[in-house]
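Single-structure report; data block below.
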Amino acid sequence: MSARDEILRAVREARMATFGRSALPGLPTLPKTRADDDDARDVLVERFTAATRAAAAQVDHCQRAQVDALVRSWFPQATQMFSMVSDVPGNVELPSDPHVLRALDLFVCEGEIGVAENGAIWLPTSRLGMRAALVLAHDVVVLLSRHAIVRDLHAAYSAVDVSAEAFGVFLAGPSKTADIEQSLVIGAHGACTTRVVLLDD
Amino acid sequence: MRGARCARLAAEPDPALVVRASLFVPCFVDQLYPAAAIAAVEVLERLGVEIDVPDGAPCCGQPPANAGFAQAGEAALERFVETYAESEHVVVLSGSCALHVRAHAGGLIGAGRRVAVRTMEFCAFLHDVVGVDRVAALGASLDARVALHIGCHALRGLGLATPSERMLPPHNLVRALLETVQGLTFAALSRPDECCGFGGSFSVDEGAVSTRMGDDRWRDVHGAGATALVSTDVSCLLHLRGVAGARGNALPSWHVAEVLAGRVR
Amino acid sequence: MAPRGDHAARALPLLDARGAVDHAGAAARFNADAERTGWHDGALWFVREKRDRAAASVPEWETLRDLASAIKTHTLAHLDEYLERFERAATARGIVVHWARDAEEHNRIVHAILAERGVRRVVKSKSMLTEECGLNPYLNARGIEVIDTDLGERIVQLRHEPPSHIVMPAIHLKKEEIGETFHEVMGTPAGLSDPDLLTAAARAQLREHFLGADAAMTGVNFGIAETGGIVVCTNEGNADLGTALAPVHIASMGIEKLIPRAEDLGVFLRLLARSATGQASTVYASHMHAPRPGQALHVVLVDNGRSEQLGRADFWGSLKCIRCAACLNTCPVYRRSGGYSYGATVSGPIGAVLTPGRDLQRYASLPFASTLCGSCTAVCPVKVDLDTQLYKWRQQVAAAGLVPARKAWGMRRLGALLADAQLVQLAGAVVRTALRALPSGVARRLAGGWGRTRTLPTAPKGSFRDWYRSNRPRS
């Protein structure tokens, strides 16, 4: 018998011994998230902003047409900039080998949705170009339409299909660690800074 | 896990609604800290509860059970069930003992289930069956800033207060009882409900941690500016007093019953 | 390799004469340094307080716990079906699924994957499962270097110590000690202890490892049965750096880590970070459903005693665990004894209910490293009935004859005594008389372990019953 068969058999026998063969515990229905109309757009934006800041990310607003200037004002020295957003042109092409991005200064992308309760932004591969860009870059800028903010993770999982692409990540702020005597250090292995730009249009 | 609710007593005792209760005094209270039990008897009598204190059941069986020898503790638990089989209410002067009976007596045949359901810890009985208004009428007073220590089994096992870990509406029935005491104020501990470190044979087998926990509890009590410690459980008190005695930093400490009986200074 | 430095002795489990973990002995040793114990206790309590604030900010917190518990219970009750579903869905997306009955098989499978590709160096993000399986020494012995990339894990790796906490592996270390290690191994300036600078040094060194890694290993926080995907949560981004660069990703997953649907993640991810560190979310919650182009993605499903635990009527609930460590942070005993005193990969209350099932004789003391205060049960996001399980493991230990003979005999005698009202009265009178007659020093010494650190109660002349008989004569 293969390991697979042995394990499945052991599991089946064990769970039958413990739970019996009928009337097994059911899967609860998750509470329906209240429609986002219940939460005014401004409230969601405010909550999202607070949560994102609590995650040590910076939050700004502007019109889409102004983003490029804004980003350049933040990073005038960025030598290597990879952007997935046409409004903010970069100077690095999407490579086939992620190692090429080893010295990436700045990565610009646009999130699909934001989650107000924790400041997380959903970024699938199609919006990242390649996942290495997100974690190799020293600084990350994430654009997000203010209309794309949902209330909580329940709403988020309703709004996006996380299995649609090979990879997707809920990103909340720059990388961090508190592994040295509980001191919070911003900038562990991933990005050292994360800036979120909420697009007003 | 609170006790069975009975008709709330009105401010004026109605002869038709006499509450009868049997008191259980745990072995260690009986032998080493009778003052708490004497106070409990006086409080219950003054509240108009008709009490009896049956002989025959010195222990609920928890000590050996918690040490892994539930079977060894069964004889004592059976004796408990037999003794209190006919009681309307079984009032237990210990959170740990009340929890043990409620959790395990139901597994015994005979009156086990009945006794389990009717067993209540002393403060829970006062609050839920007698009522805070009647307790207030006792007119107890105590000029003290009290650190309240609810035993963990009473707290998390019996639900005498909302534990700090739980996100539930706050309630604290022991505090509600003590709020009826004139002059009594509460010190705010930095760790509201951390364990004192007694834990039965833990106090001996893991003596270093147990003592440290006791020391830390006192540090919190002192740090909160308390002038006295009040607890629901004599086992916690004996351990805490012992630890403080060794350190020389004891504060006056009492069981809730002693405070309500006005037997404290 | 043996742990180095002053804390070498502490990192090794303290065993008694029969090779059983002596938690009490190790805890006493830990407590000998009163100041450090206070520091360790305070550090973990701080995390408990952060957890409280985070939980309080979610009005439906207790509902989420109920849901999480119910989802995990349902999953475990159908685990074989969900495992098959997961395998089907994952395989369809190009993930290679392996099955390992035990630690040895897990290590063999992982090694085979690496050896086939001639891998010499692996970067690994935190996986307590790989720790449980002893993967690092296994691979090292076969010429493969493993670089732990979680900063806490990296720190203990450089010190040749195991992690002392499942989420904060280096919580037992002071920054000066970490600085010393970095100085010795990485050449950072002597005396440097600033966390920002130490982290920056680690970042720079580990960057090179990420870029040069032939393979990346991770654990799995959640496996989604319906979609065949895996979710890996980190704050540092190390799991993503490893898996975004290396041509092969091996994810080790305990079979109990499955959840049925992607939407269930809404419940678990709302609970996980808040329970673990007090954050609303980890920085990265990475969902992987298929390998990167040109990459191989392997998932190794591991049993290693989990199916056995599932068959234990009293203890299957421990398999609901999502490894948040809230129970460690709240446990007054863990905080004052440290992870090493448990001598097991997973320590604290959850370790004390997961581990005895693997070797009751070796881990017999763990269920007794507790006052049964119930705080662990109260914080657990998936409502594992930890305190009940601790009580039940004690019964198992006693029934197996693993309680020291003297104590076992004493407890049985005590049980008989406590059922006899007259004997208790007599024994009590003797104790009270002795307490009153003996000088306190003598009495304390006679009181053994109790009297070592405590004064004895002032003995009353009579018992309560004496008073009651005199003052409330029966009518």
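A note on names: the letters A, B, ... follow the listed sequences, proteins ahead of strands, and every chain is numbered from 1. The model shown is predicted, which means the values in this text are computed figures rather than measured ones.
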In the structure I gave you, are the side-chain heavy atoms of [X] and [Y] within less than 4.5 Å of one another anywhere?
X	Y	result
A/Lys176	C/Gln279	yes
C/Arg292	A/Thr125	no
A/Cys192	C/Arg203	yes
C/Asp80	A/Arg15	yes

Contacting moiety of [X], where chain C heavy atoms sit under 4.5 Å:
X	answer
A/Ala10	both
A/Ser2	backbone
A/Pro174	backbone
A/Ala164	backbone
A/Phe170	both
A/Thr29	backbone

When heavy-atom pairs shorter than 4.5 Å are enumerated against chain A, which of [options] gives the highest number?
options	result
C/Glu226, C/Gln309, C/Arg261	C/Arg261
C/Ala273, C/Ala244, C/Gly237	C/Ala244
C/Leu265, C/Asp303, C/Thr73	C/Leu265

- Item | Partner chain C: residue of A/Leu184, A/Leu101, A/Leu171 with the largest heavy-atom pair count (under 4.5 Å) |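 Option with the top pair count is A/Leu171.
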Closest heavy-atom pair and its distance - [X], [Y]:
X	Y	result
A/Glu181	C/Leu173	CG-O, 3.6 Å
A/His189	C/Leu241	O-CD1, 3.1 Å
A/Asp179	C/Pro169	OD1-CD, 3.9 Å
C/Ser286	A/Phe167	CB-CE1, 3.7 Å

- Message: Donor-acceptor pair, distance only, cut-off 3.5 Å: does the side chain of C/His74 make one with the backbone of A/Pro25?
- Response: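 Answer holds: yes.
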- Side chain of C/His287, backbone of A/Ser163: donor and acceptor closer than 3.5 Å?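 Absent.
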- Take C/Glu87 and A/Arg4 through the test salt bridge (charged side-chain N to carboxylate O under 4.0 Å, His left out) and record every step on the way to the result. CA-CA 10 Å; C/Glu87 182 192 43; A/Arg4 176 187 187 277; 2.8 Å; yes
- Query: Checking heavy atoms, do the side chain of C/Leu64, its backbone, both or neither come under 4.5 Å from chain A?
  - Reply: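 The answer is the side chain of C/Leu64.
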- Can you say whether C/Pro195 sits under 4.5 Å from chain A via the side chain, the backbone, both, or neither, judging by heavy atoms?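 Contact with chain A: backbone and side chain both.
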- Using a distance-only test with no angle check, is there a side-chain donor-acceptor pair under 3.5 angstrom linking C/Arg270 and A/His154?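 Yes, a side-chain donor-acceptor pair sits under 3.5 Å.
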- Item | Worked verdict on A/Glu165 versus C/Arg93 for salt bridge (charged side-chain N to carboxylate O under 4.0 Å, His left out) | CA-CA 10 Å; A/Glu165 297 188 37; C/Arg93 298 286 292 266; over 6 Å; no
